[in-house]
Participant: 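Let me begin by handing over the structure; questions about it come next.
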Amino acid sequence: MTIETHGSTGPAESPAQRLSFPRQHARTQRFTLGAPRAFTVAPDGSRVAFLRSSSGTDRANQLWVLDLADGVVERVAADPQALLNGAVERLSAEERARRERSREGGAGIVGYATDAAVELAAFALSGRLFAAELRAGTARELRTPAPVIDPRPSPDGRHVAYVAGGALRVTGADGEGDRALAEPEGEGTVTYGLAEFIAAEEMSRSRGFWWSPGSDRLLVARADDAPVRRWWIADPAHPESEPTKVAYPAAGTANADVRLFVVTLDGARTEVTWDRARYPYLARVHWSSAGAPLLLVQSRDQLSQLYLAVNPDDGSTRMVHAEEDADETAWLELFPGAPSWSPSGRLVRIVDEGGARVLAVGERPLTGPQLHVRAVLDVADDDVLISASAGSAAASPETGEVHVYRVNELGVERVSQEAGVHSAVRSGGLTVLVSATLDQPGTRAQVLRDGKQVATVASYAQRPGLTPRVTLTEGGARKIPCAVLLPADYQEGSGPLPVLLDPYGGPHGQRVVAAHNPYLTSQWFADQGFAVIVADGRGTPGRSPAWEKAIRKDFTLTLDDQVDALQGLASSYPLDLDRVAIRGWSYGGYLAGLAVLRRPDVFHAGVAGAPVTDWRLYDTHYTERYLGDPGADPDAYALNSLVTEEGLVAPENPHRPLMIVHGLADDNVVVAHALRLSSALLAAGRPHEVLPLSGVTHMTPQEQVAENLLLLQVDFLKRALALP
């Protein structure tokens, strides 16, 4: 049975109601509001919990349950408006920082955790702790110290652990017996149960405590950021406010000191021991009934890592597996969902082997070069559920597609069928398959039982006011994955168009995907009169380990591939190579600055948003992975910088207009990057424009800012390229 209480992407607006695309794009947070997300499947297959706001413009998420026990019914399990009695939500500084790390722009219930049976859910609202009984559909507040961060029920549902004031605390699920299990000591630099900056920003480890399967103890991370250099982030628009002090581990400087403890419910602590001097990064923690607690720890240079099993009684560890980059030319990647134990107690991991990225269970690879494995989604008795794209040995490139597969000793079976980008959540015999395709806006969430659809989770997301006119292709000698977008009203034979490259173009940022919504902004730029090209060159994920790791010590290869793709597509598309611009944000902003400074023969204008301009100012785990230690290899940093003599173009090279955009409150790529680039350009006598965004972080969630930022970019590009 299938139910849809609304259309899968919400009702279309009438022309009188329709906003401009930039305003609609900003108001709907890129058309993500109202779409269901954060699915959790009950192991008995009776229900699915998820988050969803009430409309395509409502930021406040509610906690929902899709009940499959008696028919198919969607119901609200927790409504933040009712729980807060309509009060305005207030966030602590720690919670705001957590949301910035996860790029969370929503409100209301933005995250939750459940017990093993998916009967009790816990979440924080306005720094207060709430619990919801998912069967009964009731929610209540548990009175605890505030502000509460990251509450998580024990697997048996009898307790809820959470962090408040840097301490790990636990309370009964009935709200009784609240107490601290581990409290910070010293000068306020220690926290228990929270991920340190570098883990949350770069390792995708967003949590700092893990319940035992028996609900009698926890693994708890202790992070001390006393060794980390302090930076100050000011708000020049409000000189009466003190600057914010942040601990920022810049490349080549000290990281937080991270330790791990086994903590019992009476507060007894046992430290987990490993060679932290050699392997300081605690990258992954897994604790299930299938085996001992499992850690993945990395060396600082990320050329070596250990899989360790923990004895929770005495804290000792034994090595389960070791990985080394034998040639010391690249790095060891981290992957979602791995490592873990299979139900039979074998190690499940993703590994680069024989030029391919494969799934290994025990010591045996279960996939080959036909697949490029991206994540482990679920591990069951008889198979492993993974997401993967086509590998180097695949018969078809399947440009931009990501699929879900079941893998076991007998072979590989594809779960997702239609071309697109797919992911899944599974427990027992129930799977929630979330799919995005090129021909339909938004995402579709199907609930499958034994491979057959039994429900569709409704989406309230708005329909965009435009449809991308996109062609997925390959460009240049390296067959770089590309997307080409032309104006909606472009007629074949109408002549060449000015070109706008719209990449991210760097690590962990695939932009060429077989999905509708990721191209909406690119299409809007195309409709302003451009041929827009999105290219994923070397360094971007989804193709092969060698493709990703080719950029070691040399980010300029990512620029070479943008040029290669552009020139390779020129013979097939109406591109005016005398009017070429580039825009980007974050790494894409760096790439835009690199383009106009290093290749003014190709690029005639650029918009660099929140660019990293001096890699010595970016964080340790990311930057040292690619460029090494700045103290040991300063030449790599100079080569890839935009502010050194090597970074700036020679004075005799033509000047190209450059707009630099940066949020003054950015604590990830701090505004010093933009200011240093502006100073270097000014010293070199090179005109440019700087657009400071007051109160804006690395995200731009503010509606007016996000809208006007698009409009100002178009205005600048048209002026720079002398377009009408």
Participant: For Trp615 together with Tyr590, are the ring centres under 6.0 Å from each other?
Facilitator: yes
Participant: Under a 4.5 Å cut-off applied to non-hydrogen side-chain atoms, are Phe603 and Val563 in contact?
Facilitator: yes
Participant: Do other residues, nucleotides or ligands put more than 12 heavy atoms under 6.0 Å from the CZ atom of Arg719?
Facilitator: yes
Participant: Looking only at non-hydrogen atoms, find the nearest pair between Ala515 and Leu438 and report the distance.
Facilitator: O-CD2, 3.4 Å
Participant: Work out which heavy atom in Ala565 is nearest to a heavy atom in Ile480; give both atom names and the distance.
Facilitator: N-CD1, 4.0 Å
Participant: Quick check for you: to the nearest 0.5 Å, what is the distance between Arg463 atom CZ and Thr28 atom OG1?
Facilitator: 14.0 Å
Participant: Checking side-chain polar atoms at under 3.5 Å, does His516 have a donor or acceptor matched by the opposite partner on Thr437?
Facilitator: no
Participant: For side chain to side chain contact (heavy atoms under 4.5 Å, CB included), just list the numbers for Leu617 and Val612, CA-CA rounded to whole Å, side-chain angles, deciding distance to a tenth of an Å, and then say yes or no.
Facilitator: CA-CA 8 Å; Leu617 295 180; Val612 178; over 6 Å; no
Participant: List the steps and the verdict of side chain to side chain contact (heavy atoms under 4.5 Å, CB included) for Arg599 and Gln562.
Facilitator: CA-CA 11 Å; Arg599 294 301 304 269; Gln562 295 296 313; over 6 Å; no
Participant: For residues Asp527 and Gln523, is any side-chain donor paired with an opposing acceptor at under 3.5 Å?
Facilitator: yes
Participant: Answer yes when Arg357 and Glu548 have at least one side-chain N-carboxylate O distance shorter than 4.0 Å, and no when they do not.
Facilitator: yes
Participant: Could you check whether any side-chain heavy atom of His621 comes within less than 4.5 Å of a side-chain heavy atom of Gln302, counting everything from C-beta outward?
Facilitator: yes
Participant: Would a line drawn from the ring center of Tyr504 to the ring center of Trp585 be shorter than 6.0 Å?
Facilitator: no
Participant: Just checking, any donor-acceptor pair under 3.5 angstrom between side chains of Asp666 and Thr697?
Facilitator: no
Participant: For residues Val421 and Gly400, report the shortest heavy-atom separation together with the two atoms involved.
Facilitator: CG2-O, 3.5 Å
Participant: Does atom CZ (Arg23) have a neighbourhood of more than 12 heavy atoms from anything else shown, all under 6.0 Å?
Facilitator: yes
Participant: Would you please say whether a donor-acceptor pair under 3.5 Å links the side chains of Arg583 and Gln713?
Facilitator: yes
Participant: Would you mind reporting whether Leu681 and Ile660 have side-chain heavy atoms less than 4.5 Å apart?
Facilitator: yes
Participant: Cut-off 3.5 Å, side chains only: do Ser389 and Arg374 have a donor facing an acceptor?
Facilitator: yes
Participant: Does any part of the side chain of Trp524, heavy atoms only, come nearer than 4.5 Å to the side chain of Leu485, both counted from C-beta?
Facilitator: no
Participant: Taking atom CZ of Arg538 and atom CZ of Arg543, what is their separation to the nearest 0.5 Å?
Facilitator: 10.0 Å
Participant: Of Glu418, Arg444, His422, which is the lone residue that meets side chain to side chain donor-acceptor pair (under 3.5 Å) with Ser435?
Facilitator: His422
Participant: Taking all heavy atoms of Lys553 and all of Leu639, pick out the closest pair and write down the distance.
Facilitator: O-CD2, 4.0 Å
Participant: When rounded to the nearest 0.5 angstrom, what is the spacing between NE2 in His403 and CD in Glu398?
Facilitator: 5.0 Å
Participant: Shortest non-hydrogen contact from Val484 to Leu569?
Facilitator: CG2-CD1, 3.8 Å
Participant: Would you say Asp633 and Leu627 make side-chain contact, with heavy atoms under 4.5 Å?
Facilitator: no
Participant: Taking only residues two or more places apart in sequence, or in another chain, which ones meet Asn517 in a side chain to side chain contact (heavy atoms under 4.5 Å, CB included)?
Facilitator: Phe31, Pro441, Pro464, Leu520
Participant: Does the side chain to side chain contact (heavy atoms under 4.5 Å, CB included) test come out yes or no for Val513 and Val402, once each step is laid out?
Facilitator: CA-CA 8 Å; Val513 291; Val402 181; 5.9 Å; no
Participant: Verify side-chain hydrogen bond (donor to acceptor under 3.5 Å, both in side chains) between Ser53 and Arg59, making sure each step is shown before the conclusion.
Facilitator: CA-CA 6 Å; Ser53 62; Arg59 293 179 60 242; over 6 Å; no
Participant: Is the count of non-hydrogen atoms from other residues, nucleotides or ligands lying under 6.0 Å from Glu492 atom CD greater than 12?
Facilitator: no
Participant: What's the shortest heavy-atom distance between Gly465 and Gln24, and which atoms?
Facilitator: N-OE1, 3.3 Å
Participant: Consider only side-chain N and O atoms of Ser241 and Asp235, and report whether a donor and an acceptor are under 3.5 Å apart.
Facilitator: no
Participant: Any donor-acceptor pair under 3.5 Å linking the side-chain atoms of His688 with those of Ser678?
Facilitator: yes
Participant: Among all residues two or more places apart in sequence or in another chain, which pass the side chain to side chain contact (heavy atoms under 4.5 Å, CB included) test with Ser423?
Facilitator: Leu377
Participant: Would you say the rings of Tyr248 and Trp231 are close, in the sense that their centroids are separated by under 6.0 Å?
Facilitator: yes
Participant: Just checking, any donor-acceptor pair under 3.5 angstrom between side chains of Tyr637 and Thr623?
Facilitator: no
Participant: Drop me the distance from Thr558's OG1 to Leu591's CG, to the nearest 0.5 angstrom.
Facilitator: 4.5 Å
Participant: When you look at Asp352 and Lys549, which way does the side chain to side chain contact (heavy atoms under 4.5 Å, CB included) test go after all the steps?
Facilitator: CA-CA 11 Å; Asp352 294 344; Lys549 297 179 179 182; 2.9 Å; yes
Participant: Any salt bridge between Arg511 and Asp502, counting N to O under 4.0 Å?
Facilitator: yes
Participant: Going by heavy atoms in the side chains, are Phe716 and Glu689 under 4.5 Å from each other?
Facilitator: yes
Participant: Would you tell me whether Glu202 and His508 have side-chain atoms, one donor and one acceptor, within less than 3.5 Å of each other?
Facilitator: no
